[in-house]
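Take a look at the structure below.
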Amino acid sequence: MIRAQHGIHNMTASWLVMMTAVAASCVGMNRSLAEDTSSTDVAAERPQNQSRLQKLDFRNPPVLPDVESPSVETMTRSIRNGVKFLIADQNPNGSWGSPTNTKDLNIYAPVPGAHHAFRAATTSLCLSALLECGDVDDASVQEAIERGEAWLFDYLPKLRRADGTAMYNVWGHAYAIEALAHLHRHHGDDTARMAEIESLIEQQFGMLRKYESVDGGWGYYDMRYQAKRPTSSSISFVGGAALVAMHRAKSIGIDPPEDIVKRAVAAIHRQQKPDFTYLYGEYLKDRPMREINRPGGSLGRSQCCNVALRFWGDAEVTDNVLKHWLYRLYERNGWLDIGRKRPVPHESWFQVAGYFYYFGHYYAAMCIDELPVAQRGPYQAMLADLIVPLQEKNGCWWDYPLYDYHRPYGTAMALMTLKRCLPAE
């Protein structure tokens with residue numbers, strides 16, 4: 001079995017080193033890895049776009065392609081159908097996702113704890129999506145929110161790592177904080193419920209402290225010593241996702257522990273390259289030009305790490321940095337799209353895994369929100385042009401066959417991405 005991370009992520013150091021060969025043996029094929037070293041390389045384009053990738057110059061914004069955005073009506077309909085899918089896909093107990101729908105090749109997931117973490121993270125994302133994108137006056141939406149909230153309140157205090165090796169629970173804690181912040185706003189007139197939410201957010205801060213790496217930040221595997229305090233390598237985008245979640249809590253007046261934030265920011269800075277690409281994990285610091293650490297391999301995490309650092313005061317992440325990486329996400333989207341729906345993690349170019357896809361676009365949409373309103377339009381058009389056509393006939397989006405979590409988490413991330421592509425009201 002390949003040990004690879006949940007698309008909410010990824011893999012351990014020892015497995016990453018051998019991933020290309022392992023993947024080849026699993027699928028009966030061998031693939032050479034592409035180069036991504038020159039600004040004059042022809043981008044992996046979508047068929048209608050034959051422009052060349054521009055050289056990075058963060059002093060100026062990129063020159064953007066002329067992209068026609070899907071209409072507001074099209075995006076609204078797409079969002080509405082995605083919301084309907086989430087409502088229909090909810091489990092009877094109020095959660096989303098399950099360990100069913102297995103295949104011969106599954107990612108490393110010690111039972112039952114790994115699946116508790118997957119379900120907590122997936123449920124949190126679905127709740128956030130319904131609260132952001134659903135019509136809360138609609139009875140079916142409100143019922144789904146209430147059932148999901150009840151499940152989350154019951155389960156979150158019990159969420160722990162699966163064992164000494166697998167700490168997928170950090171995704172559950174991070175995305176739960178985002179969902180709880182949404183619920184806090186949703187219950188704006190219910191002071192008693194808001195107080196309960198605040199208490200649960202504080203408890204999740206405590207869990208992130210408990211499972212913080214000794215180096216700061218978070219990982220999801222500890223293949224070193226499986227110690228009480230995890231000895232896992234800090235993974236750049238895991239820290240980014242947690243920092244984004246904690247910033248959302250801060251926005252409703254609940255400050256996360258300052259020391260945890262400082263250590264997580266420092267861990268991401270240690271993994272940052274001069275072009276605002278990011279190492280996959282700190283354990284790869286001696287291999288910065290490994291395929292997954294090159295710009296094509298960083299497409300799905302640069303957005304998350306950039307916006308996380310921006311949220312926590314990094315002045316180096318300027319509007320132009322965000323704009324260039326939004327442009328690159330569009331122009332070189334093929335590197336992510338080739339990996340989308342592949343059943344073998346990290347077997348695509350630049351060792352991209354399918355579950356990079358909606359994760360990367362979700363945080364790209366947050367980057368757009370950081371731009372002045374008058375400058376968002378072209379970037380919203382590019383992002384919507386990528387996301388809308390990928391919706392399945394049943395209303396869902398998915399990028400990697402992860403047991404039965406992929407459709408709800410993919411749909412949730414795609415919905416919140418599209419919501420940020422709509423013009424400001």
Step by step, work out the side-chain contact (heavy atoms from CB on, under 4.5 Å) result for L415 and L86. CA-CA 10 Å; L415 283 173; L86 287 184; 3.7 Å; yes
Taken to the nearest 0.5 Å, the spacing of H361 NE2 from D399 CG works out to 10.0 Å
Do N320 and T318 pair up side chain to side chain, a donor and an acceptor below 3.5 Å, judged on atom types alone? no
Does a donor on one side chain sit under 3.5 Å from an acceptor on the other, for N306 and S302? no
Are the side chain of Q272 and the backbone N or O of F276 linked by a donor-acceptor pair below 3.5 Å? no
Where the side chain of R340 meets the backbone of L336, is there a donor-acceptor pair that is under 3.5 Å apart? no
F356 and G297 have their tightest heavy-atom pair at CE2-O, 4.0 Å
Does a side chain donor of either Y221 or Y168 reach within less than 3.5 Å of an acceptor in the other side chain? yes
With a 4.5 Å cut-off on side-chain heavy atoms, are M413 and W397 touching? no
Straight-line distance of I145 CD1 to L183 CG, nearest 0.5 Å: 8.0 Å
Distance from I260 atom CD1 to R209 atom CZ, nearest 0.5 Å? 4.0 Å
Looking at A144 and Q90, what are the two nearest heavy atoms and their distance? O-NE2, 3.1 Å
Would you name the heavy atoms of N293 and L279 that are closest together and state the gap between them? OD1-CA, 3.4 Å
Roughly how far, to the nearest 0.5 Å, is the CZ atom of R420 from the CD atom of E132? 4.0 Å
How about I252 and I197: do any of their side-chain heavy atoms sit closer than 4.5 Å? no
Any side-chain heavy-atom pair from Y220 and I235 closer than 4.5 angstrom? yes
Find out whether R160 and K210 are in side-chain contact, i.e. whether some heavy atom of one side chain is under 4.5 Å from a heavy atom of the other. yes
Regarding S298 and R328, do their side chains bring together a donor and an acceptor under 3.5 Å, going by distance alone? no
Run the numbers on S251 and R185 for side-chain contact (heavy atoms from CB on, under 4.5 Å), then give the verdict. CA-CA 11 Å; S251 73; R185 291 192 175 96; 2.9 Å; yes
What I want to find out is whether D215 reaches R224 closely enough, with some N-O distance under 4.0 Å, to be called a salt bridge. yes
List the atom of P70, the atom of A381, and the distance in Å for their closest heavy-atom pair. CD-O, 4.3 Å
Could you tell me whether a side-chain N or O of R301 sits under 3.5 Å from a main-chain N or O of Y278, the two making a donor and an acceptor? yes
With the side chain counted from C-beta on, respond yes when Y355 and P345 share a heavy-atom pair under 4.5 Å apart, and no when they do not. yes
Any side-chain heavy atom of L418 within less than 4.5 Å of one from S78? yes
Could you check if a side-chain atom of T277 sits within less than 4.5 angstrom of a side-chain atom of R294, using non-hydrogen atoms only? no
ring-ring contact (aromatic ring centres under 6.0 Å, His included) involving Y379 - partner list, sequence neighbours excluded: none
Looking at D222 and T231, would you say the former's side chain and the latter's main chain have a donor-acceptor pair under 3.5 Å? yes
Please confirm whether the backbone N or O of A176 pairs with a side-chain atom of Q204, one donor and one acceptor, at under 3.5 Å? no
Are there over 12 heavy-atom neighbours, none belonging to Q375, within less than 6.0 Å of that residue's CD? yes
Please check: side-chain N/O of R147 versus main-chain N/O of N91, any donor-acceptor pairing under 3.5 Å? yes
Just by distance, no angles: are the side chains of N101 and Y405 close enough, under 3.5 Å, to form a donor-acceptor pair? no
Straight-line distance of M75 CE to R80 CZ, nearest 0.5 Å: 13.0 Å
Identify, with sequence neighbours excluded, every residue that meets side chain to side chain contact (heavy atoms under 4.5 Å, CB included) alongside S234. A267, Q271, E282
Charged N to carboxylate O under 4.0 angstrom, R310 versus D319? yes
Does the S124 side chain pair with the main chain of A120, one donor and one acceptor, at a distance under 3.5 Å? yes
Using only heavy-atom distances, determine whether the side chains of Y108 and T165 contain a donor-acceptor pair under 3.5 Å. yes
Keeping to residues at least two apart or across chains, list the salt bridge (Lys or Arg N to Asp or Glu O under 4.0 Å) pairs with something in residues 230-252. E178-R248, K250-D255
K262 NZ: over 12 foreign heavy atoms closer than 6.0 Å: no
Worked verdict on Q203 versus L180 for side-chain contact (heavy atoms from CB on, under 4.5 Å): CA-CA 12 Å; Q203 190 261 343; L180 291 167; over 6 Å; no
Take L152 and L200 through the test side-chain contact (heavy atoms from CB on, under 4.5 Å) and record every step on the way to the result. CA-CA 10 Å; L152 203 63; L200 192 50; 5.8 Å; no
Given 3.5 Å as the limit, does a donor-acceptor pair link the side chain of R376 with the main chain of L371, or not? yes
Check: N169 and M207 side chains under 4.5 Å, non-hydrogen atoms: no
Kindly say whether the aromatic ring centers of F118 and H115 come within a distance under 6.0 Å. yes
Hey, is the main chain of G395 close enough, under 3.5 Å, to the side chain of K84 for a donor-acceptor pair? no
Ignoring hydrogens, what is the shortest heavy-atom contact between W218 and G239? Give both atom names and the distance. CE3-CA, 3.9 Å
Starting at CD of E143, measure out to CG of D138 and round the result to the nearest 0.5 Å. 10.0 Å
Looking at residues at least two apart in the chain, or sitting in another chain, which of them share a side chain to side chain contact (heavy atoms under 4.5 Å, CB included) with Q303? W325, L326, L329, Y363, A364, C367
Please check if any side-chain donor atom of H269 sits under 3.5 Å from a side-chain acceptor atom of E316, or the reverse. no
Tell me whether R407 contacts the main-chain N or O of W398 through its side chain, where contact means a donor paired with an acceptor under 3.5 Å. no
Under the ring-ring contact (aromatic ring centres under 6.0 Å, His included) definition, can you give me all pairs with a residue in residues 295-323, not counting sequence neighbours? H247-F311, H247-W312
Against the six-membered ring of F153, is R193 placed for a cation-pi contact (under 6.0 Å from the centre, within 45° of the normal)? yes
E146: side chain to side chain donor-acceptor pair (under 3.5 Å) partners, not counting sequence neighbours: Q142
Non-hydrogen atoms of Y403 and S98 that approach each other most closely: CB-O, 3.6 Å
